[in-house]
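Here it is, the structure in full.
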Amino acid sequence: GVAPVARRSAEPAKAQGETDLYRQLAQQYERFEQVNRTFELVAKAVSPAVVHIVAHKTGPSDDSPKIRHYEETGSGVIVRADRAEGLYVITNNHVVDQVDEIEVVLSDGRTRKARLIGADSQPDLAVLKMDEPGVKLLKLGDSDAMQAGHFVLAGGKPFGFEETGTDGIMSPKGRAA
């Protein structure tokens, strides 16, 4: 007799413990609703300025001396310079390095030509120039105000996907790669 009685009395306590746990989780989740809404608004604000890059390249094949045509793809963001005319796309240097032609696929599906105007292989950054009126721009923040430990969001359109996103924590600035 004693063991079955102990087992029966432990089961309601276990069920009550699970109920309390789920109540606590629901309370914690409510606190994240504000963060979730912030993520939704950020995604809605920046996604029109996020573009897909298609770089057309010509070069030797890895396994033969024959020249081949291929594409390198990546993501970029459309920005406007304070003191210059036109629109610019910030992307990765390795995507647009040594290319024959660069196409920018806008968020509405239109494709526009762009040209490389600056690049740096060390931080793997490149700037493209694009002439297209009526395009949504990304509003840049103050990178000097960012500190290690700040929460960050990143979005892109790699491989032609419609949209991707991730979050993370800001690393210390000024480190050599």
Side-chain angles (χ1 to χ4, degrees), residues 10-55 72-84 86-96 102-112 114 118-120 122-130 132-177:
E11 287 178 10
K14 182 179 177 185
Q16 180 62 39
E18 286 179 4
T19 301
D20 289 344
L21 176 62
Y22 282 106
R23 182 182 48 73
Q24 291 172 13
L25 283 171
Q27 289 172 344
Q28 290 295 326
Y29 183 76
E30 286 175 16
R31 294 177 183 157
F32 280 103
E33 281 302 307
Q34 212 172 8
V35 173
N36 285 338
R37 182 66 181 141
T38 301
F39 286 2
E40 291 170 13
L41 292 172
V42 168
K44 186 176 183 177
V46 303
S47 65
V50 178
V51 297
H52 178 65
I53 308 291
V54 180
E72 186 87 34
T73 65
S75 298
V77 292
I78 302 172
V79 298
R80 183 185 313 272
D82 290 338
R83 296 181 181 96
L87 300 176
Y88 298 88
V89 177
I90 300 171
T91 189
N92 294 105
N93 179 62
H94 73 270
V95 173
V96 296
I102 302 168
E103 294 178 332
V104 176
V105 182
L106 304 173
S107 63
D108 62 8
R110 292 179 294 156
T111 301
R112 297 294 181 258
D120 189 338
Q122 189 61 33
D124 193 28
L125 289 175
V127 178
L128 310 176
K129 175 103 179 302
M130 181 179 75
E132 177 62 28
V135 173
K136 297 282 186 178
L137 306 175
L138 184 65
K139 182 179 179 183
L140 296 179
D142 182 0
S143 62
D144 291 335
M146 292 296 299
Q147 299 295 320
H150 281 184
F151 196 73
V152 294
L153 300 173
K157 294 188 179 189
F159 310 113
F161 294 143
E162 191 160 318
E163 293 175 9
T164 63
T166 189
D167 62 20
I169 304 297
M170 179 76 176
S171 296
K173 298 185 288 185
R175 297 188 304 182

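Numbering starts at 1 and runs along the sequence shown.
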Legend entry - Heavy atoms of other groups near Phe151 CZ, more than 12 under 6.0 Å: yes

Inset, instruction - Measure the CG-CD distance between Asn92 and Glu72 for me, rounded to the nearest 0.5 Å. - result: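 These two atoms lie 10.0 Å from each other.
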
Inset, instruction - List the steps, then state whether side chain to side chain contact (heavy atoms under 4.5 Å, CB included) holds for Val77 with Val50. - result: CA-CA 5 Å; Val77 292; Val50 178; 4.2 Å; yes

Legend entry - Which residues share a side-chain contact (heavy atoms from CB on, under 4.5 Å) with Asn36, sequence neighbours left out: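 Asn36 satisfies side-chain contact (heavy atoms from CB on, under 4.5 Å) with Tyr29, Glu33 only.
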
Legend entry - Whether Asp124 side chain and His94 backbone form a donor-acceptor pair below 3.5 Å: yes

Legend entry - 4.5 Å side-chain heavy-atom contact, Lys129 and Tyr88: yes

Inset, instruction - Grab the two heavy atoms, one from Met146 and one from Lys173, that are nearest each other, plus how far apart they are. - result: O-NZ, 2.8 Å

Legend entry - Expected output: side-chain Thr164 to main-chain Gly156 donor-acceptor under 3.5 Å: yes

Legend entry - Contact summary for Ala126 and Val96, nearest pair of heavy atoms: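 Answer, listing the atom of Ala126 first, then Val96: CB-CG2, 3.5 Å.
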
Inset, instruction - For residues Ile78 and Leu106, determine if any side-chain heavy atom of one lies less than 4.5 Å from a side-chain heavy atom of the other. - result: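 SC-SC contact between Ile78 and Leu106 confirmed.
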
Inset, instruction - Answer yes or no: are there more than 12 heavy-atom neighbours, outside Lys44 itself, under 6.0 Å from its atom NZ? - result: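 Atom NZ in Lys44 is not packed in, count stays at 12 or less.
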
Legend entry - Arg37 and Leu41, any side-chain heavy atoms less than 4.5 Å apart: yes

Inset, instruction - Count the heavy atoms belonging to other residues, nucleotides or ligands that lie under 6.0 Å from CD of Gln27, then report whether that count exceeds 12. - result: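 Counting other residues, nucleotides and ligands, CD of Gln27 exceeds 12 neighbours.
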
Legend entry - Between CD on residue Glu18 and CG on residue Leu25, distance to nearest 0.5 Å: 11.5 Å

Inset, instruction - Search all heavy atoms of His52 against all heavy atoms of Gly74 and return the closest pair with its distance. - result: ND1-O, 3.3 Å

Inset, instruction - Report yes or no: does Thr73 contribute a side-chain atom to a donor-acceptor pair with the main-chain N or O of Ile53 at less than 3.5 Å? - result: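 Side chain of Thr73 to backbone of Ile53, a donor-acceptor pair under 3.5 Å: no, none is there.
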
Inset, instruction - Could you tell me which non-hydrogen atom of Thr91 sits nearest to which non-hydrogen atom of Ser75, and how far apart they are? - result: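 Scanning both residues completely, I find the closest heavy atoms to be OG1-O, 2.7 Å.
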
Inset, instruction - Kindly give the heavy-atom pair with the smallest separation between Ser107 and Pro48, and that separation in Å. - result: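 Scanning both residues completely, I find the closest heavy atoms to be OG-O, 3.3 Å.
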
Legend entry - Heavy-atom pair with the smallest gap, counting every atom of Val105 and Gly109: CG1-O, 4.1 Å

